[in-house]
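Beneath this line is the structure, given in structure tokens, with notes to follow.
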Amino acid sequence: QVQVVESGGGLVQAGGSLRLSCTTSGLTFEDYAMGWFRQAPGKEREGVSCISWSGGTTVYADSVKGRFTISRDDAKNTLYLQMNSLKPEDTAMYYCAAKDSYDYCADAWWSPKYKYWGQGTQVTVSS
């Protein structure tokens with residue numbers, strides 16, 4: 001059984017930083033492209049970032065480019081999202097998802113392409 005578990009969310013002031021983590025079990029983590037999505041109240045879920053199975057390709061939504069960094073540690077089966085210079089509009093539930101084996105983040109923002117999802121971790125940025 002595949003499990004995807006996010007952690008690291010919390011309350012932070014604007015301009016601050018958080019690092020989200022996502023651990024997986026039940027799948028060969030190193031073979032999967034991984035992504036982060038977020039959903040704010042009353043809004044649709046949106047893609048934030050994706051990293052290829054090899055780690056060599058990363059993509060970011062324009063809204064977070066230059067502020068967020070995605071990375072992975074295959075030895076720990078863990079995905080990270082370093083979030084700097086946070087803004088109130090970054091407030092959302094953040095979800096980690098496993099995309100596909102040997103994938104290079106094609107169609108990174110198309111959520112049906114992702115096979116396994118976590119339950120989310122809340123990020124709240126106060127102004």
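Residues take their numbers from the sequence shown, with the count starting at 1.
Proximity of a side-chain donor or acceptor of Ser101 to a complementary backbone N or O of Tyr32 within less than 3.5 Å is not detected. Side-chain atoms of Tyr114 come within 3.5 Å of backbone N or O of Ala108 as a donor-acceptor pair. In terms of modelled atom types and a separation under 3.5 Å, the side chain of Glu6 and the main chain of Gly120 share a donor-acceptor contact. Distance alone, capped at 3.5 Å, places no donor-acceptor pair between the Tyr80 side chain and the Thr69 backbone. With Lys99 contributing its side chain and Ile51 its backbone, the two residues share no donor-acceptor pair below 3.5 Å.
Outside the 6.0 Å centre-distance limit, the rings of Trp36 and Phe68 are not counted as a close aromatic pair.
Note that CD of Gln122 is 9.5 Å distant from CG of Leu11, once rounded to the nearest 0.5 Å. Rounded to the nearest 0.5 Å, atoms SG (Cys50) and CD1 (Ile70) are 6.0 Å apart. To the nearest 0.5 Å, atom CE of residue Met93 and atom OG1 of residue Thr121 are 7.5 Å apart. Atom CE of Met34 and atom OH of Tyr116 lie 11.5 Å apart (nearest 0.5 Å). Remark: Arg72 CZ to Ser54 OG distance equals 8.0 Å, nearest 0.5 Å.
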Atom pairs and distances, side-chain donor-acceptor, residues 16-23, under 3.5 Å, sequence neighbours left out:
{"unit_1": "Ser17", "atom_1": "OG", "unit_2": "Asn84", "atom_2": "OD1", "d": "2.9"}

What pairs of donor and acceptor atoms, side-chain ones from residues 39-46 against any protein atom, are under 3.5 angstrom apart with sequence neighbours left out?
{"unit_1": "Gln39", "atom_1": "NE2", "unit_2": "Lys43", "atom_2": "O", "d": "3.1"}
{"unit_1": "Glu46", "atom_1": "OE2", "unit_2": "Arg38", "atom_2": "NE", "d": "2.6"}
{"unit_1": "Glu46", "atom_1": "OE2", "unit_2": "Arg38", "atom_2": "NH2", "d": "3.2"}

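Using a 4.5 Å heavy-atom threshold, the side chains of Thr24 and Val2 count as separate. With a 4.5 Å cut-off on side-chain heavy atoms, Arg67 and Asp90 count as touching. Side-chain contact between Lys87 and Val125 is absent, with no heavy-atom pair separated by less than 4.5 Å.
The two residues Trp109 and Ala61 come nearest to each other via the heavy atoms CZ2-N, 3.5 Å.
Residues Phe37 and Leu79 do not share a hydrophobic cluster, defined by chaining ILVMFWY side chains whose heavy atoms lie under 4.5 Å apart. The same ILVMFWY cluster, assembled from side-chain heavy atoms under 4.5 Å apart, contains both Val12 and Val48.
Inspection of the Asp31 and Tyr102 side chains reveals an N or O donor paired with an N or O acceptor under 3.5 Å.
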- request: Mind running side-chain contact (heavy atoms from CB on, under 4.5 Å) on Tyr95 and Val4 for me, showing each step along the way?
  value: CA-CA 9 Å; Tyr95 299 92; Val4 179; over 6 Å; no

- request: Test Leu86 against Gln13 for side-chain contact (heavy atoms from CB on, under 4.5 Å), laying out the working first.
  value: CA-CA 8 Å; Leu86 283 161; Gln13 288 188 333; over 6 Å; no

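Counting non-hydrogen atoms of neighbouring residues, nucleotides and ligands closer than 6.0 angstrom, the NZ atom of Lys76 reaches no more than 12 such neighbours.
Taking the charged nitrogens against the carboxylate oxygens, Asp103 and Lys113 have no contact shorter than 4.0 Å, which rules out a salt bridge.
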